[in-house]
*Asks:* 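Provided herewith is a single structure, encoded as structure tokens, for subsequent inquiry.
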Number of protein chains: 2
Amino acid sequence: MIHENIIDLVARRFQVLGEPCRLRILQALQGGDRSVNQIVAELGATQPNVSKHLQILFDAEFVTRDRCGNNIIYSITDPVVFKLCDLVCRSTARHAAHVQKYANEGRSRKLTGPNGRHRRSRTSSIQGVH
Amino acid sequence: MIHENIIDLVARRFQVLGEPCRLRILQALQGGDRSVNQIVAELGATQPNVSKHLQILFDAEFVTRDRCGNNIIYSITDPVVFKLCDLVCRSTARHAAHVQKYANEGRSRKLTGPNGRHRRSRTSSIQGVH
DNA sequence: TGACTATATAATTATACGCGCATATAGAAA
DNA sequence: TTTCTATATGCGCGTATAATTATATAGTCA
């Protein structure tokens, strides 16, 4: 149960993880600490974009950083973030399987009666409602 | 490690969780299955807004739904979502403690040399870099 | 000092998102 | 059928976000 006081902070941290580019950055750092340019090379993204995402990850305390001469080395703050990704990843794999399955059957179910009355097929028009 | 094929889906699911109102809805459902209006009453939000968030949660398969007469009853698809919230919640509590601490000390550190040269205070201008 | 490298930031633009309002739709009841 | 209740959806507005480009800042080396 999330306390109302911190629910905005929790949401914000989920939101920070809700960006493919940032997930890729975290994955790169899972392979070990990296400088900005190393991440840029690994992702094939632009340097300003990577820097900005790193700043966002830093503000959310998902990463820490240390200067090493001209380079700034970024590191994972807490490996628990990979546990999070793993959990979402598993259920997403199931989700993706469903999506794939529905894509192969009929598509685009909408809200309607439980038994498909006034419908030509037997698919209920509200997904998840039978 | 997240496979590149599903990284967008994983990010999307994190993003869906990155919204306070949706977290509140999930919390309400943690107390048991609810109809839309029950959730509306519990959150004090508008009905169209709750319906929209529920649709987003449904598309991401965080919730399922069943019609019961005039009511649509929403349920949690997989309690693993609460594990996610719990993990983020813990580290966010630590994060919040830091933020609180920094708020009490000096604020707004920016990028600068390691020893605060050309700065009036001794705070390093890049947070996390000493 | 000046040139060079690494990183951050500002300005811009395009897109996505959340909310409120009005309305449409589905089912139940009369 | 009509009416009522519950839920979903379309629209418009304001805001947030991400990517690009150009530029600023910090540090190193000569």
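Letters go in sequence order (proteins before strands), and every chain restarts at 1.
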*Asks:* Look at the side-chain N and O atoms of Gln55(B) and state whether any lies under 4.0 Å from the OP1 or OP2 oxygen of dA8(D).
*Replies:* no
*Asks:* Mind checking what makes salt bridge (Lys or Arg N to Asp or Glu O under 4.0 Å) contact with Arg24(B), not counting sequence neighbours?
*Replies:* Glu4(A), Asp8(A)
*Asks:* Rounded to the nearest Å, what distance is computed from the CG atom of residue Asp8(A) to the P atom of nucleotide dA16(D)?
*Replies:* 13 Å
*Asks:* Can you measure Asn71(A) atom CG to dC4(C) atom P for me and round it to whole angstrom units?
*Replies:* 18 Å
*Asks:* Send over the distance from Leu54(A) CG to dA19(D) P, rounded to a whole Å.
*Replies:* 13 Å
*Asks:* Would you say a side-chain N or O of Arg12(B) is under 4.0 Å from OP1 or OP2 of dA16(C)?
*Replies:* no
*Asks:* Tell me, which pairs form a salt bridge (Lys or Arg N to Asp or Glu O under 4.0 Å) where one or both residues lie in residues 34-45 of chain A, sequence neighbours left out?
*Replies:* Arg34(A)-Glu42(A)
*Asks:* Would the distance check show the side chain of Arg22(A) and the main-chain N or O of Val16(A) forming a donor-acceptor pair, the cut-off being under 3.5 Å?
*Replies:* yes
*Asks:* When only distance counts, do a donor and an acceptor, one from the side chain of Asn70(B) and one from the base of dT5(D), lie under 3.5 Å apart?
*Replies:* yes
*Asks:* Would you tell me if any nitrogen or oxygen in the side chain of Tyr74(B) comes within less than 4.0 Å of OP1 or OP2 on dA8(D)?
*Replies:* yes
*Asks:* In whole angstrom, what separates Arg65(B)'s CZ from dA6(D)'s C1'?
*Replies:* 14 Å
*Asks:* Does anything in residues 29-49 of chain B reach DNA chain D, meaning a heavy atom under 4.0 Å, and if so which residues?
*Replies:* Ser35(B), Val36(B), Asn37(B), Gln47(B), Pro48(B)
*Asks:* Roughly how many Å is it from CZ in Arg67(A) to P in dT25(D), rounded to a whole number?
*Replies:* 14 Å
*Asks:* Asp33(A): which residues meet the salt bridge (Lys or Arg N to Asp or Glu O under 4.0 Å) condition with it, sequence neighbours left out?
*Replies:* none
*Asks:* Send over the distance from Ile72(A) CD1 to dT25(D) P, rounded to a whole Å.
*Replies:* 16 Å
*Asks:* Nearest 0.5 Å please: distance from the CD atom of Gln15(B) over to the CD atom of Gln15(A).
*Replies:* 7.0 Å
*Asks:* Nearest whole angstrom, please: distance from the P of dA16(C) to the CD of Gln15(B).
*Replies:* 11 Å
*Asks:* Anything under 3.5 Å between a donor and an acceptor, one on a side chain of residues 43-52 of chain B, the other on a protein residue two or more places apart or in another chain? List them.
*Replies:*
| from | atom 1 | to | atom 2 | distance (Å) |
| --- | --- | --- | --- | --- |
| Thr46(B) | OG1 | Asn49(B) | N | 3.4 |
| Gln47(B) | NE2 | Ser51(B) | OG | 3.1 |

*Asks:* Base of dT7(C), side chain of Lys52(A) - is there a donor-acceptor contact under 3.5 Å?
*Replies:* no
*Asks:* In whole angstrom, give the distance that lies between atom CD of Glu19(A) and atom P of dT15(C).
*Replies:* 16 Å
*Asks:* Which pairs count as salt bridge (Lys or Arg N to Asp or Glu O under 4.0 Å) when at least one residue sits in residues 71-82 of chain B, sequence neighbours excluded?
*Replies:* Arg94(A)-Asp78(B)
*Asks:* For His53(B) and for Ile73(A), locate the closest nucleotide of DNA chain C by heavy-atom distance; then report the residue assigned to the nucleotide nearer the 5' terminus.
*Replies:* Ile73(A)
